Engineer: 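The structure's right below; bear with me while I get my questions together.
For clarity, every value in this text was computed on a predicted model and none was experimentally measured. Chain A is the first sequence line, chain B the second, and so forth, proteins listed ahead of strands; every chain is numbered from 1.
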Amino acid sequence: MKFRFALLIAIALLLALARLSVGPHADAHGVIHFGFALPTVTTIPFRLSAVLGAAVIGLLLALAGLALQALLRNPLASPFTLGVSSGASFGVACVLALAATTGLSTHAFGGEFTGALFGAAFSLMLVWILAKRASGRDAVALALAGVVLGGVMSSGAMLLEQIVPRGLRGDLLAWMAGRIPELPDPSALVALWILGLLALIVLWKAAHLLDLLMLDDDEATAAGVRLAATRGGLFIIGGLLAAAAVSFAGPIGFVGLVAPHTARLFIGHRHRLLVPSTALCGVIVVLSADLLRQGLDVGTGRLPVGVITALAGGPFFLWLLSRSRRGGSEWNL
Amino acid sequence: MFGCEGSHDASASTDAHVEIRIASLSPAMTSTLIDLGFESELVGRSPWCADLSKSLPVVGDFRDFDPERLLLARPTHMVLQPPLSGINPALVTFAEKQGIELIAMPLDRMQDVRAFVARAALLATDPSRAHARLTALDAMSEVDSSAPRVIVLVNADPMLVAGSANYLADLLPLVALRNAVEREGWVECSHESLGLLEPDLLLGIAEREDNVALLQRTLAAIPCKAAREGRILVVIASELLRPSTRALDAMQALKPAIEAALASGKDAAP
């Protein structure tokens, strides 16, 4: 297991190095190509911020997926099951509507980041309240509340999109494609890394509790797990990580679903190694997508990372599914 | 930092002493720049700048940009239409740090196109082409309130027509027409609401040939006298779908076909 864990670290580091070492370069005629191009003093800040941005998004989404799969005891749970993505879309649509109404730029309202953050937080709060009213926040009630509220929030975002002027509609669609921002605000990047690393430590420390949470409620309680408090903690951690990632980069799909399952495939089900391995798998998935995005020139500029993770993540997930049909456990899918 | 409307001064050529390298993030601005003779100065494009060689690097669009490709393209100027949501602050910071002059101008009306031409004239070593265009833009006549009324359809599903305060409406006096739609900007309409306007002519503008039949069918289904009498004209004119100086020529080229459609009441060939 330790060898496999070390392998994951090596792959993540190699991908980071690759992302730092490849990029566009001009030939003698000034025509720009993509390939091996060592960073220069001028290009290193761009590449470094791209690596740090992609890695932290992968880390946040993967850990959010792991926390929510444990919370909901559902292998299909992802960071967006609790309606975070739809809530964030609704928040972005609200900012666009505010900009259209007042005639000001969206940046006057903190930009899409603020809208997404408030929307995601609002959505999480509502899911929490709805689930509590329904049946005391059990896993099924949380998942149902998240799915239903996600649908309502998505409809709200679509309604607002129809109301805003045509020139603003493309903004919501572009945001929903999921993009790691170019030259992100360094303070936002530092805050995300602090949040991600804190979550990694907390989940790693709680690895034994997460293992016990895989048992049914009676067994877990008998083993000393305080179910309500543990679920509350996982809800806050998973929701916060997902909200932060979506606010920063838009809804980048499949990372939170694929990374925990890939890590289980490599490492097994014990959370002591599964937590850091999941984080590494998330970093690997998003760095790979960003590397591909950097090199894939389809003549229309770089593709959004969210499109690449969805295109690659779907077939990969189906492969995991077919593997489980040949005898894997439900948590291997 | 940001460009603003320049004056029409024939002697002005303030930037002409330095090498000009332009990255365009707007297809409409690209079209105008090519028309003004800047094609060899264009070093970067948006994905939608169809008029430019595919070998030019895509350096960004209205929302996103590629800092590394921009650095390699080494533009001295970057032109873009500011989106309604505002210009990406990271792009502004990047341009400031790299010493790239950002020329951000809206192109909603023909007067905006004029302002852009006046600004571009300052970059030209030979601004005569730009000044000729400015003269042509200044000579555009006002709307004649007795001119036949037209509905200009640019998209069939949803039905999108040019409203007032729109560059296409500004171009209509060139072909002795006036806009039947009074709402401003681009307007999404239904067949019924357009039928109530009882226009004299239905004009469809298609980007490509495969859109022509759909626009033709959509216009023919509008419940109004012009549709019943066949006063429908659908043309393929991608230049008209971008607010640029080329739209002037494209609209003027339509004059015979429009006159024929109005006179005969039959479909006129593009």
Side-chain angles (χ1 to χ4, degrees), chain A residues 22-27 29-34 37 39-40 42-47 49-50 92 95-96 98-100 103-109 111-112 115 162 164-175 177 179-185 293-294 297-304, chain B residues 21 23 25 40 43-50 52-74 81-98 104 106-108 154-155 158 160-161 163 166 183-188:
Chain A
V22 294
H25 58 92
D27 64 18
H29 306 290
V31 178
I32 294 176
H33 303 279
F34 175 82
T40 61
T42 330
T43 57
I44 192 79
F46 306 129
R47 294 191 191 177
S49 69
V92 170
V95 167
L96 293 176
L98 269 173
L104 296 171
S105 145
T106 52
H107 306 297
F109 304 98
E112 289 149 1
Q162 288 301 311
V164 299
R166 289 185 63 79
L168 281 172
R169 290 182 196 171
D171 283 40
L172 183 62
L173 283 176
W175 181 84
R179 284 167 193 269
I180 293 168
E182 299 292 349
L183 310 177
D185 180 2
R293 161 189 189 246
Q294 179 77 347
D297 191 350
V298 290
T300 57
R302 292 182 300 171
L303 294 171
Chain B
R21 297 171 63 85
L25 305 186
S40 56
V43 294
R45 63 181 177 103
S46 80
W48 325 117
C49 294
L52 284 174
S53 159
K54 296 273 184 214
S55 64
L56 273 190
V58 173
V59 293
D61 55 30
F62 74 102
R63 178 187 169 86
D64 206 2
F65 70 102
D66 184 335
E68 284 203 48
R69 281 177 171 82
L70 264 173
L71 279 179
L72 285 170
R74 293 182 294 111
Q81 290 173 254
L84 284 179
S85 53
I87 303 171
N88 182 350
L91 177 63
V92 176
T93 311
F94 175 84
E96 271 174 3
K97 278 190 181 163
Q98 301 302 325
L107 292 182
D108 299 324
V154 296
N155 194 56
L160 189 66
V161 298
N166 175 305
R183 276 180 62 189
E184 289 190 0
W186 295 104
V187 187
E188 277 184 31

Engineer: What pairs with Arg293(A) under salt bridge (charged side-chain N to carboxylate O under 4.0 Å, His left out), at least two apart in sequence or on another chain?
Structural biologist: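 Arg293(A) satisfies salt bridge (charged side-chain N to carboxylate O under 4.0 Å, His left out) with Glu182(A), Asp290(A), Asp64(B) once adjacent residues are dropped.
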Engineer: Do Leu70(B) and Gln98(B) pass the side-chain contact (heavy atoms from CB on, under 4.5 Å) test, and can you show the C-alpha distance, the side-chain angles, and the key distance before you say yes or no?
Structural biologist: CA-CA 10 Å; Leu70(B) 264 173; Gln98(B) 301 302 325; over 6 Å; no
Engineer: Taking every heavy-atom pair that is under 4.5 Å apart, which of Thr93(B), Val43(B), Asp61(B), Asp66(B) has the most such pairs with chain A?
Structural biologist: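 Counting heavy-atom pairs under 4.5 Å, the top option is Asp66(B).
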Engineer: Given heavy-atom pairs under 4.5 angstrom as the criterion, report whether the side chain, backbone, both or neither of Ala174(A) touches chain B.
Structural biologist: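 Contact with chain B involves both backbone and side-chain atoms of Ala174(A).
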Engineer: Under 4.5 Å heavy-atom distance to chain A, tell me which part of Leu56(B) shows up: side chain, backbone, both or neither.
Structural biologist: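 No part of Leu56(B) comes within 4.5 Å of chain A.
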Engineer: Looking at Pro89(B), Cys49(B), Pro83(B), which one has more heavy-atom pairs under 4.5 Å with chain A than the rest?
Structural biologist: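 Winner by heavy-atom pair count: Pro89(B).
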Engineer: Could you tell me whether the side chain of Leu25(B) reaches within less than 4.5 Å of the side chain of Leu91(B), counting heavy atoms only?
Structural biologist: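 Counting from C-beta outward, Leu91(B) and Leu25(B) do come under 4.5 Å.
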Engineer: Would you say Arg45(B) and Val59(B) make side-chain contact, with heavy atoms under 4.5 Å?
Structural biologist: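 Not in contact.
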Engineer: Checking Gln294(A) against chain B: side chain, backbone, both or neither under 4.5 Å from a heavy atom?
Structural biologist: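 Contact with chain B: backbone and side chain both.
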Engineer: Which residues pass the ring-ring contact (aromatic ring centres under 6.0 Å, His included) test with Phe46(A), not counting sequence neighbours?
Structural biologist: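 ring-ring contact (aromatic ring centres under 6.0 Å, His included) check on Phe46(A) returns Phe94(B).
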Engineer: Quick one: of Ala90(B), Pro67(B), Gly86(B), Ser55(B), who has the most non-hydrogen atom pairs under 4.5 Å with chain A?
Structural biologist: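 Looking at each option in turn, the highest pair count goes to Pro67(B).
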